[in-house]
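For the numbers below, each heavy atom of this structure counts, side chains included, while hydrogens, waters and symmetry mates do not. Within every chain, numbering begins at 1; the chains are lettered A, B, ... in the order of the sequence lines, protein sequences first and strands thereafter.
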Amino acid sequence: MPKPRKRLGGAAGPDNKGPAGKHTKTKNPAGALAAMGNSSPEKTSASKNCGKNLSSYWLMKSEPESRLEKGVDVKFSIEDLKAEPKQTACWDGVRNYQARNFLRAMKLEQEAFFYHSNCKEPGIAGLVKIVKEAYPDHTQFEKNSPYYDPSSKEDNPKWSMVDVQFVRMMKRYITLAELKTHYQAHKTTGGPLKDMALFTRQRLSVQTLTPEEFYFILSLEEKEPS
DNA sequence: GCCAACGTTGGC
DNA sequence: GCCAACGTTGGC
């Protein structure tokens with residue numbers, strides 16, 4: 001299942017901060033990030049980050065093909081995200097504690113790969129960024145939602161979601177099969193994907209990526225599919 | 001549609 | 001708190 005799909009949410013629902021929406025700082029175009037590779041070794045000099053961004057990159061799974069759950073279609077592809085107002089949607093439906101904790105750790109402007117799961121050709125379709133940090137997932141209280149959780153109380157919500165905004169499509173679709181090929185090779189060679197959660201924590205719908213994993217995957221865009 | 005992996009539940 | 005039964009995820 002699903003995972004997380006998202007849904008409407010459109011412009012961050014109710015809260016769409018007026019002004020905020022305005023200055024859409026198109027900042028860090030992921031392309032720039034890709035370009036930098038490891039060229040700018042942030043001065044690891046130290047205390048710079050003071051323990052701040054511990055984990056800055058993410059991978060979020062969603063199903064791009066229609067599938068009914070409790071009579072509701074849980075499909076949500078990256079194209080669906082692009083079609084939302086402001087190309088933004090809330091990432092609802094996460095019902096796994098580890099995945100939820102990752103959602104709660106996400107910070108504004110951090111980037112995530114949008115992964116297509118449970119479909120013909122699973123893989124990474126594009127990049128999104130966090131535009132609203134964790135807040136209660138309203139679907140846990142909706143009896144008709146596939147994600148309804150009767151054990152969760154309004155005064156102490158169990159599940160959280162974030163809002164994500166489309167950044168860009170990958171220059172080419174990076175398939176699971178291709179990632180797996182690298183993962184297997186890296187297990188032997190000690191390469192960047194050797195511990196990738198997609199393979200080591202296979203059922204987790206929201207996962208962290210190390211910078212090494214993130215930039216290695218971005219570098220694949222420039223190469224021929226292996 | 002099959003089924004392996006793995007998270008959750010609940011009896012004890 | 002152990003662990004078997006059960007349910008879900010998600011590739012194939």
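- The side chain of A:K61 places an N or O atom within less than 4.0 Å of a non-bridging phosphate oxygen (OP1 or OP2) of C:dG10.
- Set against C:dG10, C:dC12, B:dT8, the side chain of A:S117 has C:dG10 as its closest nucleotide.
- Using bins of under 30°, 30° to 60° and over 60° for the plane-to-plane angle, the ring pair A:F114/A:H116 lands in the perpendicular bin.
- If you measure from atom CG of A:N118 to atom C1' of B:dC3, you get 13 Å, rounded to the nearest angstrom.
- Nearest to the side chain of A:S205, among C:dG10, C:dC12, B:dT8, sits C:dG10.
- The interatomic distance linking A:R67 (CZ) with C:dG11 (P) rounds to 12 Å, in whole Å.
- Whole-Å rounding puts the A:D149 CG to C:dT8 P distance at 13 Å.
- Across all strands, A:K180 comes closer than 4.0 Å only to sugar-phosphate atoms, never to a base (heavy-atom distances).
- Under the ring-ring contact (aromatic ring centres under 6.0 Å, His included) test applied with A:F113, the options A:F214, A:Y173, A:W58 reduce to a single match, A:F214.
- Contact between the side-chain N/O atoms of A:Y115 and the OP1/OP2 oxygens of C:dG11 is found at a separation under 4.0 Å.
- Here C:dT9 presents its C1' atom at 11 Å from CG of A:L204, a figure rounded to the nearest Å.
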Dump every N/O contact between nucleotides 5-7 of chain C and the protein below 3.5 Å, one line per pair.
residue	atom	partner	partner atom	Å
C:dG7	N2	A:R203	NH1	3.1
C:dG7	N2	A:R203	NH2	3.3

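- Taking 4.0 Å as the cut-off between side-chain N and carboxylate O, A:R67 and A:E69 count as a salt-bridged pair.
- Residues A:Y215 and A:Y57 place their aromatic rings such that the two centres sit under 6.0 Å apart.
- If you take CD of A:E69 and C1' of C:dG10, they are 13 Å apart, rounded to a whole angstrom.
- Considering A:V128, A:V162, A:D163, A:I130 in turn, A:V162 is the only one that fulfils the side chain to side chain contact (heavy atoms under 4.5 Å, CB included) rule with A:W91.
- Hydrophobic cluster membership of A:W159, counting Ile, Leu, Val, Met, Phe, Trp and Tyr whose side-chain heavy atoms lie under 4.5 Å apart directly or via other members: A:Y97.
- One interatomic measurement links the two molecules: CD of A:Q98 to P of C:dT9, which rounds to 15 Å at whole-angstrom precision.
- Regarding A:H116, its NE2 atom lies at a distance of 17 Å from the C1' atom of C:dT9, rounded to whole Å.
- Rounded to whole Å, the distance from CZ on A:F199 to C1' on B:dA4 is 16 Å.
- Heavy atoms from other residues, nucleotides or ligands lying under 6.0 Å from NZ of A:K120 number 12 at most.
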